[in-house]
Amino acid sequence: MSKYYNSKRKNNIFEPESKEPFKLSRSRLELFLECPRCFYLDRRLGIERPGGFPFSLNNAVDLLLKKEFDAHRVKGLRHPLMEKYNIEAVPFEHEDLKKWQNTKVGIQFLYKPANFIVFGGIDDIWINSNKELHIVDYKATSKTSEVTIDEDWQISYKRQMEIYQWLFKMNNFKVSDIGYFVYCNGRTDREAFDKKIEFDIKVIPYKGNSSWIEKALKDAYLCLKNNVLPEPSDDCDFCSYREEAAKME
Ligand code: SF4
């Protein structure tokens, strides 16, 4: 049996006749938007797309940033980055924060038209003086140029932010359309490694627009309900590679 077929994942495989709400993470919705075929193979047929290597260094940055913002959260104070970028907000304190940060639980909402429990794990939330929440996402990279969110491939970052904003709005929180990316850029212009990497940190505001989400959820539902495997995405070479390879094999 292939390691990519996961027969034990029955709970996470969509059953067209089931009346039970189906749990759909924001990353799986992103997969649907990238390629409905891969999404269908994964959620309907139980064949996972091969994963990449774990981003352990990024995870370490996330964890340390969380600790740093938590230290300010308990005191109800602005973090120096908020001061530097003139953001009139403090880290948001809430009894469910740890749950929302857990990627397996996250913030959840039952979207009835598709019978999906949509969920996603956030990095952080800040609250401004108007009691509006700002969704915050940490990113880490290492590049010689300035970090931005303007590259085409970063549409997934923007959609990620918009889904979190939508999830909090659906849970009756007052949410600002402005979210923030705390973008850490590992510096490579040092003389030596010396057991540490230094980072430049930039806070990038982004104005989200969640208007696309409900249609995407309904489309994802129709995709899973259908008994036909969707066509491959035009932008991805892997299916044509597989087809050509299969002919030769
Ligand atoms: S086109 Fe790419 S993304 Fe889509 S099913 Fe094939 S391998 Fe997956």
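Note that ligands are numbered from 1 as they come in the structure, with each ligand's atoms numbered from 1 the same way. Just the heavy atoms: all of them, side chains too, but no hydrogens, waters or symmetry mates, feed the values below. All values reported here derive from a predicted model rather than from experimental measurement.
- Taking 4.0 Å as the cut-off between side-chain N and carboxylate O, E34 and R159 do not count as a salt-bridged pair.
- Judged as a side chain to side chain contact (heavy atoms under 4.5 Å, CB included), and not counting sequence neighbours, the contacts of F119 are K23, S25, Q108.
- Checked against the 6.0 Å centroid threshold, W100 and F173 count as a close aromatic pair.
- Listing protein N, O or S atoms at distances below 2.8 Å from atom 8 (Fe) of ligand 1, with waters left out, gives C38 SG.
- Outside the 6.0 Å centre-distance limit, the rings of F116 and Y111 are not counted as a close aromatic pair.
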Table please: side-chain donor-acceptor pairs of residues 182-192 below 3.5 Å, with sequence neighbours left out.
| from | atom 1 | to | atom 2 | distance (Å) |
| --- | --- | --- | --- | --- |
| Y183 | OH | Q154 | NE2 | 3.3 |
| N185 | OD1 | K143 | N | 2.8 |
| N185 | ND2 | K143 | O | 3.0 |
| N185 | ND2 | S145 | O | 3.4 |
| R187 | NE | D189 | OD1 | 3.2 |
| R187 | NH1 | D200 | OD1 | 3.3 |
| R187 | NH2 | D189 | OD2 | 2.8 |
| R190 | NE | E198 | OE1 | 3.3 |
| R190 | NH2 | E198 | OE1 | 2.8 |

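- Within the structure, salt bridge (charged side-chain N to carboxylate O under 4.0 Å, His left out) contacts touching residues 105-126 (residues at least two apart or in different chains) are K66-D123, R73-D124.
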